[in-house]
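Predicted model only: the values in this text are computed from it and were never measured.
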Amino acid sequence: MKPQIALQLWSIQDACKDDFYEALKKVKESGYDGVEFAGYHGKSAAEVKGYLEELGLKVAASHLSFEALERDFEGTLAFEKEIGNSRLVIPYASFQTLEDWHAFIGKMEEVATKAAAEGFEFYYHNHANELTEIPGVDILAEMVQRTKHIDLEVDLYWLADAGVDAFSWLETHKDRIGLFHMKDMQDSPRESTEIGSGVLPMKEYVQIAKQINIPWLIVEQEEFQNYPPLEAIAIDCQRLRAMVDEVHSA
């Protein structure tokens with residue numbers, strides 16, 4: 001299965017705030033198959049759905065605050081259903097004790113179980129802190145071991161930032177990984193950069209995605225050294241598309 005390519009819209013957050021429709025249009029023109037949302041900029045579900053249908057963009061997933069899901073589960077899911085999304089992603093959490101993490105994981109599993117009954121997949125998106133803030137504990141491994149309905153959207157940049165051997169880690173957890181965040185790393189200063197311009201083995205990550213049948217590779221770039229965001233994300237898509245085509249033609 002050749003994965004589709006989406007953009008995490010946080011990458012172009014200023015353009016989305018200025019004119020959401022025009023930003024989505026630029027994403028489509030840059031060659032992306034879909035988007036991962038990080039907010040809707042005051043638009044209704046009907047408006048968002050209309051934009052997507054007009055532009056021919058799919059929804060890879062949506063980043064949603066856990067508080068919003070807890071506060072208005074039914075309303076949140078109704079919005080996501082209307083725009084055509086079936087993947088809910090919690091984008092961040094941080095706790096200073098393992099007990100607090102376990103309590104949060106339990107709450108997430110309750111929501112994830114309810115979401116599964118409504119036809120949704122439920123993901124947690126990592127940063128580096130889950131692998132570093134509790135000494136000697138991999139919180140993502142704890143998450144997998146303690147739940148049945150929480151899968152992982154793995155941000156490969158943050159695995160590297162945390163000093164993890166990504167290849168062995170991905171092999172260990174491959175049965176619970178459903179999405180990849182594709183973000184390359186500039187070494188000095190350490191920050192994200194265009195795919196193919198950094199130090200991370202992006203092509204090898206694409207090969208792993210092929211092996212474990214990842215349906216969406218989601219581009220995210222948060223720092224921009226050489227190009228403005230709308231130009232950078234077009235370069236990201238072009239380079240990632242070339243890697244996907246090469247890997248899947250081998």
Side-chain angles (χ1 to χ4, degrees), residues 3-69 76-77 79-93 120-127 152-158 178-184 191-195 202 214-225 227-241 244:
Q4 298 183 90
I5 298 175
L7 179 69
Q8 165 49 251
L9 292 174
W10 183 258
S11 309
I12 54 166
Q13 55 185 300
D14 290 338
C16 289
K17 290 173 187 172
D18 291 342
D19 190 324
F20 201 24
Y21 173 80
E22 284 298 322
L24 291 172
K25 187 177 178 183
K26 288 288 188 182
V27 172
K28 180 63 177 180
E29 291 171 351
S30 296
Y32 288 89
D33 302 303
V35 294
E36 180 176 56
F37 287 103
Y40 302 101
H41 304 281
K43 304 300 181 185
S44 68
E47 288 175 302
V48 174
K49 180 183 178 182
Y51 294 166
L52 296 172
E53 289 179 348
E54 180 181 337
L55 296 170
L57 285 168
K58 301 173 185 175
V59 187
S62 290
H63 278 197
L64 301 163
S65 77
F66 185 69
E67 292 74 20
L69 278 167
T76 301
L77 263 60
F79 189 107
E80 298 303 318
K81 284 180 180 178
E82 186 168 351
I83 67 171
N85 180 41
S86 63
R87 298 180 185 90
L88 314 175
V89 184
I90 304 304
Y92 180 74
F120 284 87
E121 299 172 22
F122 189 99
Y123 293 87
Y124 181 82
H125 171 86
N126 68 285
H127 290 74
L152 302 176
E153 177 182 72
V154 176
D155 190 310
L156 297 154
Y157 175 100
W158 290 117
L179 297 167
F180 273 177
H181 257 217
M182 305 295 288
K183 185 193 308 179
D184 209 343
E191 57 187 23
S192 60
T193 192
E194 289 76 46
I195 288 172
M202 305 304 286
I214 299 290
W216 284 96
L217 301 178
I218 301 170
V219 171
E220 184 175 39
Q221 188 172 342
E222 296 174 307
E223 289 88 22
F224 302 89
Q225 302 84 21
Y227 305 93
L230 289 173
E231 289 184 32
I233 61 107
I235 293 167
D236 288 326
C237 187
Q238 179 184 11
R239 292 179 179 175
L240 182 56
R241 181 80 63 191
V244 169

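- If you look at H127 and Y92, their ring centroids are closer than 6.0 Å.
- Side-chain contact between Q13 and K17: present, with at least one pair of heavy atoms (C-beta onward) separated by less than 4.5 Å.
- Between P3 and V244, some side-chain heavy-atom pair lies under the 4.5 Å cut-off.
- Residue I195 comes nearest to M202 through the heavy atom pair CG1-CE, 4.0 Å, listed as atom of the first residue, atom of the second, then distance.
- Although no hydrogens or angles enter the test, the distance criterion places no donor-acceptor pair under 3.5 Å between the side chain of E36 and the main chain of V219.
- In this structure, the side chains of E153 and R87 stay at 4.5 Å or more apart for every pair of heavy atoms.
- In this structure, the side chains of L69 and L77 come closer than 4.5 Å at one or more pairs of heavy atoms.
- Rounding to the nearest 0.5 Å places OG of S30 at 10.0 Å from CD of E231.
- A distance of 9.0 Å separates NZ in K183 from CD in Q8, rounded to the nearest 0.5 Å.
- Nearest approach of D236 to T193, heavy atoms of both residues: OD1-O, 4.3 Å.
- With K28 contributing its side chain and L57 its backbone, the two residues share no donor-acceptor pair below 3.5 Å.
- Side-chain contact, S11 with E220: no donor N or O sits under 3.5 Å from an acceptor N or O.
- Between the CZ atom in F122 and the CG atom in L152 there is a gap of 11.5 Å [rounded to 0.5 Å].
- The neighbour count for E222 CD, taken as heavy atoms of other residues, nucleotides or ligands under 6.0 Å away, is above 12.
- Note that the NZ atom of K43 and the CZ atom of F20 stand 8.5 Å from one another [nearest 0.5 Å].
- The distance from atom CD1 of I218 to atom CZ of F180, rounded to the nearest 0.5 Å, is 11.0 Å.
- More than 12 heavy atoms of other residues, nucleotides or ligands lie within 6.0 Å of CZ in F66, so this atom counts as buried by the packing criterion.
- Across L179 and A61, no two heavy atoms sit closer than the pair CD1-CB, 4.2 Å.
- Not counting sequence neighbours, the partners of E80 by the side chain to side chain contact (heavy atoms under 4.5 Å, CB included) test are Y40, S62, L64, I83, N85, L88, F120.
- E47 places a side-chain N or O within donor-acceptor distance of the main-chain N or O of S44, the cut-off being under 3.5 Å.
- Here L24 contributes atom CG and C16 contributes atom SG; the two are 6.0 Å apart, rounded to the nearest 0.5 Å.
- Taking both residues in full, the closest heavy atoms of A6 and W216 are given as CB-CE3, 3.5 Å, listed atom of the first, atom of the second, then distance.
- Every residue meeting the side chain to side chain contact (heavy atoms under 4.5 Å, CB included) condition with P229, not counting sequence neighbours, appears here in chain and number order: I12, F224.
- The shortest heavy-atom contact between I233 and Y32 is O-OH, 2.6 Å.
- Taking every heavy atom of both residues into account, L230 and K26 meet most closely at CD2-CB, 4.0 Å.
- For the pair Y124 (side chain) and A93 (backbone), a donor-acceptor distance under 3.5 Å is present.
- In this structure a side-chain-to-backbone donor-acceptor pair under 3.5 Å is present from N126 to D155.
- By the side chain to side chain donor-acceptor pair (under 3.5 Å) test, E194 is found to be paired with Q221, residues two or more places apart in sequence or in another chain being considered.
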